[in-house]
Chemist: 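After the structure tokens below, expect a handful of questions from me.
Values below: all heavy atoms of this structure, side chains included; hydrogens, waters and symmetry mates excluded. Both counts, for ligands and for their atoms, begin at 1 and track the order of listing. These numbers come from a predicted model, not from an experiment.
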Amino acid sequence: MTDASDAPEPTSNTTADRLLSVQGIDTEADQLANRRERLVEREQLEAASAQLATWERERTAMRNRMDELTGVIERTEAESAEIAEHKVRLEAQMKTVIAPREAEALMHEMATLDEQVDTLDTAELEALEEQSVLDDRLTAHLSSEEGLRDSVSVADAALERATGEIDREIERLGGERGAARDELSDGVLARYDRVRTSSGVAVAKLVGHRCDGCHLDLSAAEIDDVKDEAASSDGVADCPNCGRMLAL
Ligand SMILES: [Zn+2]
């Protein structure tokens with residue numbers, strides 16, 4: 001036990017020192033976790049993945065349109081074929097017709113069928129033309145797939161490398177943290193963890209008359225109190241203003 005009367009200047013390995021060292025490790029681990037989330041490699045992977053997703057959506061849209069156009073072509077061809085058959089029947093009928101009025105009606109019907117075929121032909125031609133243009137576009141589009149997929153895997157590997165390095169560092173700190181915490185009592189650790197959870201920083205230093213956690217000055221009487229408290233508890237007191245553990 002330290003003699004309270006002439007103690008105040010803590011040397012190494014006091015509770016205060018150990019707490020500061022645990023806090024230093026925790027802060028470093030927090031910074032690493034933060035850096036891990038904000039890696040430029042993560043942004044690059046997100047950008048490359050977004051580009052690939054856009055590319056895939058465009059490919060799907062083009063393929064869907066190609067299918068639609070194929071449908072149009074098939075439908076117009078089938079309808080034209082039906083109309084052609086109908087017209088063959090009308091032509092056969094025409095040969096047997098005697099009454100001029102009936103012949104005229106048939107002629108009119110056949111002309112209507114011809115118009116319908118023209119309309120269908122035009123629609124088919126338009127679909128074929130669009131398909132041909134789209135086919136070229138799709139071929140060009142597909143040629144960029146490999147490059148985009150490569151970019152994603154390169155970015156993915158880079159992110160894995162970067163996070164791997166940080167994870168190894170965090171693991172190393174975890175070991176250090178465990179060893180540093182082993183040096184402290186359960187009561188002190190429980191208090192440290194509690195204050196850290198509520199205030200972010202659990203241990204502050206007394207700099208002159210000021211707590212560097214809350215940046216408030218302590219009165220002369222408070223200074224005397226925390227010095228007494230620190231002397232009897234291995235260099236640690238409570239900041240009367242913010243409740244942080246005050247290392248003296
Ligand atoms: Zn304070």
Chemist: Could you please spell out the steps behind the side chain to side chain donor-acceptor pair (under 3.5 Å) verdict for Ser132 and Asp135?
Modeler: CA-CA 5 Å; Ser132 159; Asp135 197 40; over 6 Å; no
Chemist: So, taking the atom named CZ in Arg75 and the one named CD in Glu124, what distance separates them when rounded to the nearest 0.5 Å?
Modeler: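 It comes to 11.5 Å.
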Chemist: Got a sec, which residues hit side-chain hydrogen bond (donor to acceptor under 3.5 Å, both in side chains) with Arg168, two or more places apart in sequence or on another chain?
Modeler: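 So Arg168 forms no side-chain hydrogen bond (donor to acceptor under 3.5 Å, both in side chains) with any residue.
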Chemist: What protein N/O/S atoms lie closer than 2.8 Å to the Zn ion (ligand 1)?
Modeler: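 Result, waters dropped: Cys211 SG, Cys214 SG, Cys239 SG, Cys242 SG.
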Chemist: Is there a side-chain contact between Thr197 and Tyr192, using heavy atoms and a 4.5 Å cut-off?
Modeler: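 Result no, sub-4.5 Å side-chain heavy-atom pair not found.
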Chemist: Provide the closest heavy-atom pair for Val152 versus Ala48 in the form atom of the first, atom of the second, distance.
Modeler: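 In terms of heavy atoms, the two residues are closest at CG2-O, 3.6 Å.
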Chemist: Run Gln131 and Thr70 through side chain to side chain donor-acceptor pair (under 3.5 Å) and show every step you take.
Modeler: CA-CA 8 Å; Gln131 220 177 29; Thr70 301; 2.8 Å; yes
